[in-house]
There are 2 protein chains.
Amino acid sequence: MTTARTAAGSAVPRGRRGARSAGDHRELAILATAERLLEQRPFADISIDDLARGAGISRPTFYFYFASKDAVLLTLLDRVTEEADAAAGDVLDRVAEDPRARWRELISRFHDTFREHKAVALACAQVRGTNAEVRELWATVLEHWVRCTETAVAAERRRGAAPDGLPARDLAIALNSMNERVMYATFAADGPAVAEPDVVDVLLDVWLSTIYRSTAPPPA
Amino acid sequence: MTTARTAAGSAVPRGRRGARSAGDHRELAILATAERLLEQRPFADISIDDLARGAGISRPTFYFYFASKDAVLLTLLDRVTEEADAAAGDVLDRVAEDPRARWRELISRFHDTFREHKAVALACAQVRGTNAEVRELWATVLEHWVRCTETAVAAERRRGAAPDGLPARDLAIALNSMNERVMYATFAADGPAVAEPDVVDVLLDVWLSTIYRSTAPPPA
DNA sequence: ACCGTGGCTCAACACCCTGTCGACAAACTC
DNA sequence: GAGTTTGTCGACAGGGTGTTGAGCCACGGT
């Protein structure tokens, strides 16, 4: 019921007078431990005790900071998606400048952000199935990206650069879903996957083909 | 260590003289209970006890038939993928006849099969994250479909119906991944999803655009 | 008719993990 | 220096998993 219960809004430094309290430090330690352990083994194989010990505290104390193991992951996911959002920036507002380059930039930046936090991304995809909060956060984030894509596609159609076709929203959903799954498979390296260095170009090619119905969209 | 340990190979009636033993009956009852319960609540919320009780046996007895809860799901998944494979049949050998119709048939049949076993499909996608056997089975199945797609695309290119572009395998991976994720989102109805009645046509449109670089592929 | 074996069943147990409760200490406030 | 807030943990209760060991029943062999 104290600081920690700000849950996902953890990026905002809590209302203390800037002073790094012991609690802040511990909370960060738990998060860091979680991300470190996730690089070594799957989320399901990490117990709350592991997290607590890794942060130098006891299990009950863990609950002072987070309501559950899932809450830790939720916070981690929140940080990563914010980073991805920041990385994407306003690229989509400038698609008309140079469509191919801008779309590529968009895909590439998402790819880089998620690759850097592979472990978190992979864990979230798994937990999404069992945890409603993670599922909803992801849904919200995805919805945002879908809307951005949709808007950009609509703009390209309006200026005559892209032909009409599928409803922009459906296309946006299909493309973003594809990206999600293809990147996941590449990172997880389980099952059929596109080779890491090619993944951005493969995805880009599908985006361009479906949005413009040709490999090379007309420049501005 | 007896009959049940044939695990995924359960479709093959075990070597008894055709007689439906009590065991066969129980095994089927567990499977049926699992599919029924999965339609009501998520896999994680179903305990082995639920499965056992549903099949009219005790928990320890459950272990006589399956090694774990996951093993039940694995068997269920095996049945569904076999059904999907059968439904797909040889459509891809006849793509040249009428590309649009055949590709649509392919996507549509997968869609129908998985929609019919929504619950199993959804559960598997979730468990795939934590269970290596499910992950591997899915990987194998997907690899098979990717290869079929790849072969068909290559054939279309060879006969001049489809232009060159992305390596056929990468394209096949991207498209199948998209289908998987888009159908999942539609069935799960969580987060941005294509409306159920449109999903086949949306997917088809992306397939055709990327394979033929035009909405309407040339007929034979 | 008798025994043994293999298919089948379960009560009871050991274990692990989660989440909570209540007592307690250090620090900051007035 | 009394009181609140922050932070800490030992000990417990509860629920799920997987195992053990003993027992039942139907059958085929002798």
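The chains referred to below are lettered A, B, ... by the order of the sequence lines, with proteins before strands, and numbering in each begins at 1.
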>> Looking only at the side chain of K69(A) (C-beta and beyond, no hydrogens), which of the listed nucleotides dT18(C), dA11(D), dG18(D) gets closest?
In response: dT18(C)

> Between dT6(D) and Y65(A), is there an OP1 or OP2 to side-chain N/O distance shorter than 4.0 Å?
Replying inline: no

> Would H117(B) and F187(B) count as a close aromatic pair, with their ring centres under 6.0 Å?
Replying inline: no

> Should the pair R109(A)-D112(A) be classified as a salt bridge under the 4.0 Å nitrogen-to-oxygen rule?
Replying inline: no

>> I need the residues from residues 38-48 of chain A with at least one non-hydrogen atom less than 4.0 Å from DNA chain C; give them sorted by number, or say none.
In response: S47(A), I48(A)

> Taking CG from D49(B) and C1' from dA12(C), how many angstroms apart are they, rounded to a whole number?
Replying inline: 14 Å

> Is the closest basic N to carboxylate O distance between R79(A) and E82(A) below 4.0 Å?
Replying inline: no

> Judged by atom type as modelled, is there a donor-acceptor pair below 3.5 Å linking the side chain of S177(A) to the main-chain atoms of M178(B)?
Replying inline: no

> Is it true that E143(A) and R169(A) have a side-chain N and a carboxylate O under 4.0 angstrom from each other?
Replying inline: yes

> How long is the line joining CG of N131(A) and P of dT18(C), in whole Å?
Replying inline: 14 Å

> Rounding to a whole Å, what distance do you find between L51(A):CG and dC9(D):P?
Replying inline: 15 Å

>> Just the rounded figure in Å: distance from P of dT8(D) to CZ of F62(A).
In response: 13 Å

>> One thing to verify: whether R115(A) and E196(A) come together as a salt bridge, which I'm taking to mean a side-chain N less than 4.0 angstrom from a carboxylate O.
In response: yes

> For dT20(D), does OP1 or OP2 lie under 4.0 Å from any side-chain N or O of Y63(B)?
Replying inline: no

> Phosphate oxygens OP1/OP2 of dG10(D): is one of them under 4.0 Å from a side-chain N or O of R59(A)?
Replying inline: no

> From the list dT9(C), dA11(C), dC9(D), which nucleotide is the closest neighbour of the side chain of R26(B)?
Replying inline: dT9(C)

>> In whole Å, I'd like the distance from the CG atom of D70(A) to the P atom of dC17(C).
In response: 16 Å

Atom pairs, N/O to N/O, protein against nucleotides 23-27 of chain C, distance under 3.5 Å?
none

> Between E133(A) and K69(A), is the closest basic N to carboxylate O distance under 4.0 Å?
Replying inline: no

> Can you find a side chain N or O atom of T61(A) that sits less than 4.0 Å from OP1 or OP2 on dT8(D)?
Replying inline: no

> Given atom CZ of R53(B) and atom P of dC10(C), what is their separation to the nearest angstrom?
Replying inline: 10 Å

> Under 4.0 Å between a Lys/Arg side-chain N and an Asp/Glu carboxylate O for D201(A) and R104(A)?
Replying inline: yes

>> If you only use heavy atoms from C-beta on, which nucleotide in dG7(D), dA11(C), dG7(C) is closest to the side chain of F64(A)?
In response: dG7(D)

> How about L77(A) and L73(A): do any of their side-chain heavy atoms sit closer than 4.5 Å?
Replying inline: no

> Can you check the F66(A) CZ to dT8(D) P distance for me, whole Å?
Replying inline: 13 Å

